[in-house]
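A note on names: the letters A, B, ... follow the listed sequences, proteins ahead of strands, and every chain is numbered from 1.
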There are 2 protein chains.
Amino acid sequence: MSPAELDQLTSEWLDKLQESGYRRTDRCEAIVRAILASPRAMDPMELFDEARKDIPRLGLVTVYRTIQKLADLGLVERLHQEEGCHRVLPATQGHQHFLVCSSCGTVTYFAGDNLAGLFETIAAQTGFEIQEHWLQLFGLCPACRPA
Amino acid sequence: MSPAELDQLTSEWLDKLQESGYRRTDRCEAIVRAILASPRAMDPMELFDEARKDIPRLGLVTVYRTIQKLADLGLVERLHQEEGCHRVLPATQGHQHFLVCSSCGTVTYFAGDNLAGLFETIAAQTGFEIQEHWLQLFGLCPACRPA
DNA sequence: CCTGATCTTGAAAATCGTTTTCATTTTATT
DNA sequence: AATAAAATGAAAACGATTTTCAAGATCAGG
């Protein structure tokens, strides 16, 4: 993403926040930019370090609060992890699934169209009414695979 | 499961722990029995409350340590949750996936045979080498579905 | 069955990620 | 500018989990 595209997208997200009644602040802008600029899913502390390059007096609390707002508006999705903290990603259209590189953390999305049929089968077999699903794959991305 | 079957299985688990160099203790037995006796996935605090009916002076720390040992031996699997703590389930043969009732917590397993093909497709499309996957479904079990 | 080496235990404190509280500063509106 | 509402940072609180450490239990060898 070019610097101009990053500015553009950052501004769009701030517009959406504003439309929802939130205010436009420098802290929020720095955090949004850090999320959008990274090809990786970042955890709150990483976002904090990144955004503090713009706003040295930023508090970690503000990062948590901003993530919450963005998640409420559906602009980011949270990626669950085995241990410790979660990571934050720009949300894509519709429900997507994650493919996470266990070496460098790069995240790729994939659509789970094929899954609908599987879920119907499972629902029929078990009698459950399926409401939600979590699918995350872990592996090595092309760059991290041994040659 | 009948009381006799529960005793039998509990004893088998303690045998396995012992074979791996762990000692046979009353605390461990109470915790193992609580895990095996429940049809639900229990979190550490629930296991603590349950096992304390047998061993009133049990410490919560011991519950955590015992879960860790059981997980190391592959006797239990941990079920991830959106918020807060995780839950513990007796592990089944091979890799299984969970179907969790969001109302009563009952857990059903299902095999993900159909998934292998999907994962191959995704690997081919993305260039990732897939190492591990997490699939958990949430919904309402037959008993909790509105009639 | 003693006896020591080693493992296990419980209480308390420490840790880690996250949330709450509250007084102060900013923002958007008048 | 003046005001009401929301955003902020520091510090404290929080919940789940882990570590520390001294005391207790288990197991192997004599």
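Distance A:Q68 CD to D:dT8 C1': 17 Å, rounded to the nearest Å. Protein atom CZ of A:R78 is 13 Å distant from nucleotide atom C1' of C:dG17, rounded to whole Å. Atom CD in A:Q81 sits roughly 16 Å away from atom P in C:dC16 (whole-Å rounding).
Between B:D72 and B:K69 no salt bridge is recorded (no basic side-chain N to carboxylate O distance below 4.0 Å). Salt bridge present: A:R24 and A:D15 bring a charged side-chain N and a carboxylate O closer than 4.0 Å. A salt bridge links B:R33 to B:D7: at least one charged side-chain nitrogen sits closer than 4.0 Å to a carboxylate oxygen.
For DNA chain D, the residues of residues 41-65 of chain B within the heavy-atom distance limit of 4.0 Å (strictly under) are B:P44, B:V61, B:Y64, B:R65, sorted by number. For DNA chain C, the neighbouring residues in residues 11-35 of chain A, judged by any heavy atom under 4.0 Å, are A:Q18, A:R23, A:R24.
Taking the side-chain hydrogen bond (donor to acceptor under 3.5 Å, both in side chains) definition, one finds that A:H80 meets it with A:W134, sequence neighbours left out. Under the ring-ring contact (aromatic ring centres under 6.0 Å, His included) criterion, B:F48 pairs with no residue at all, not counting sequence neighbours.
From B:M42, atom CE reaches atom CZ of B:R87 across 9.0 Å, with rounding to the nearest 0.5 Å. For the atom pair CG of B:L9 and CD of B:E12, the computed distance is 5.5 Å after rounding to the nearest 0.5 Å.
The side chain to side chain donor-acceptor pair (under 3.5 Å) analysis of residues 55-67 of chain B, with sequence neighbours excluded, yields no pairs.
Within the helix from C:dC1-D:dG30 to C:dT30-D:dA1, the inter-axis angle between the opening and closing five-pair segments is 30°, rounded to 10°.
Residues B:T108 and B:F98 form no side-chain contact, since every pair of their non-hydrogen atoms from C-beta on lies 4.5 Å or further apart.
For the pair A:K69 and D:dA6, the criterion of a side-chain N or O lying under 4.0 Å from OP1 or OP2 is not met.
Between B:H133 and A:L137 the shortest heavy-atom distance is CB-CD2, 3.2 Å.
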